[in-house]
Amino acid sequence: MDSQPGATPYSAPTGCPMRGERQTSLYGPEFASDPQRVYDEFRAHGLAAPIELAPGVEATLVVQHEAALRVLQNPSFFARDSRRWAALREGRVPLDSPVLPMMAYRPNCLFTDGTEHLRLRKAVTESLGRLNTTRLSRDVERIADYLIDQFIERGSADLLGDYAKLLPLLLFNQLFGCPGDIGDRLTRGMSAIFDGEDVLRANAELTECLMELVALKRRQPGDDITSWLIQHPAGLRDEELKDQLVMLMGAGIEPERNLIANALLLLLSDSAGGPQRRGTGMLVEDALDDVLWNNPPIANYATHYPVQDVDLGGVTLKADTPVLISFAAANSNPALTDARQTLSKGAHLAWGAGPHVCPAKSPAQLIALTAIEKILNTVPDLTLAVPASAVEWRPGPFHRALVSLPVRFSPSAARHAATAAQSPVSSRIAASEEVPAARYDHVEPQKKAKGWWSSFLDVFRV
């Protein structure tokens, strides 16, 4: 499920000039190592700049806060429907491009406009509104407990690969009501898409297992988001249901894992960049706000397509060409000095703005807060294994994501014997809703390797 450390589907030319005939590439290690330098250079030349998201995929990146709001809040001029994308329609974008799963049209509320967007968004927001926060916290804690028990005896871990990456993947299996096999395939397919591994195959597998899930929930509805979407008065078709689920996972898994990992990095770092133990007084809530300002989990996204040529502060945005918002650059805009000094929660754009603002802001923050507090309280002597300045950032145009987050701590026994006995080598998980956290059933070792989700379900039985 995991890619090789530092691996990337992008092969970036180095030293691309910012201005001139070639666009600046946002997909190589040079950009990942110091994106703020690139944003500063962009801002010095205007409100937006030409970029290359992947080989052969050109776009414009808006880097100024006020200009970003102008795009985000004006759907009459800036549409989200990627079927407008001229280069894709004309065959000038490689169909196996690693960015297509994040940009190609799906009939969900991320890629629709007008009344269709309102219909789909209403179904999503009202289904999310049925989540019980107490239950959600409990689910996060169970999954966190399970994951922590997989490495607590070692005295070392990669909190990105062993914890922050797996927790939201497994949580969505729980929220969607996935049985073991579907959840394992869902976890594998979505992880491959985010890691850029054989994205065409991964997308096909993701589509297949979600359609199976929709069919299952139509026959056997449960107390889960999939069933709530099916029951919603909007009357979503199977294809629409599948694509709302894809959107929820895409908008939740990658951002959530990066929010958790980036905040943990901050909490375990001192101002000099060296390792230290937690206890300097920074609250988890403050660390999350700092990350949303300075290292937003999704740095560049919210792709729009001008419905006509638009002049944006002297930069011409051509009709039907992709225009992305740099949340990271907008947040670091010098014009926001006063807001940044107080880390005002209302001024940053990490959650977006306008009609497509993130509908799951509160659950997302609760998940991250619960996951971070759980690991810090369970492993109180957690320490970075390398200086904070030595951690590597994963290349890619959309995210601000670590390659790994190595830590060390005092080893201790796994708290749940059945969990330790079931420790998976490479993939599985899930939490059962109504089972008391203290109940664990012994499960005989399986001859066939399971995924994370089915292994988790084996431990937490109904």
Where do [X] and [Y] come nearest, in terms of heavy atoms and distance?
X: Met103; Y: Pro322; value: CE-CB, 4.1 Å
X: Leu267; Y: Leu283; value: CD2-O, 4.3 Å
X: Leu292; Y: Asn331; value: O-ND2, 3.0 Å

Spell out, as yes or no, whether a donor-acceptor pair under 3.5 Å connects the side chain of [X] to the backbone of [Y].
X: Asn108; Y: Asp243; value: yes
X: Gln244; Y: Glu239; value: no
X: Tyr163; Y: Ala371; value: yes

Worksheet, complete the sentence: By ring pair (Phe, Tyr, Trp, His ring centres under 6.0 Å), Phe327 pairs with (sequence neighbours left out) none
Practice prompt. Output all residues satisfying ring pair (Phe, Tyr, Trp, His ring centres under 6.0 Å) with Phe31, sequence neighbours left out; order by chain, then residue number.
Written response: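 Phe31 satisfies ring pair (Phe, Tyr, Trp, His ring centres under 6.0 Å) with Tyr39 only.
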Discussion item. Could you work out, with side-chain contact (heavy atoms from CB on, under 4.5 Å) as the rule, every residue matching Ser127, not counting sequence neighbours?
Written reply: Trp228, Leu229
Worksheet entry | Counterpart residues, side-chain contact (heavy atoms from CB on, under 4.5 Å), relative to Ser227 (two or more places apart) |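 side-chain contact (heavy atoms from CB on, under 4.5 Å) check on Ser227 returns Lys217, Pro221, Asp224, Gln231.
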Item to complete: Can you sort out the partners of Asn262 under side chain to side chain donor-acceptor pair (under 3.5 Å), two or more places apart, ordered by chain and number?
Response: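 Per chain and number, Asn262 pairs via side chain to side chain donor-acceptor pair (under 3.5 Å) with no residue.
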Practice prompt. Sorted by first residue and then second, give each ring pair (Phe, Tyr, Trp, His ring centres under 6.0 Å) pair with at least one member in residues 356-387; sequence neighbours left out.
Written response: His117-His356
Practice prompt. Report the relative orientation of the aromatic rings in His348 and Trp351; use parallel for angles under 30°, tilted for 30 to 60°, perpendicular for over 60°.
Written response: tilted
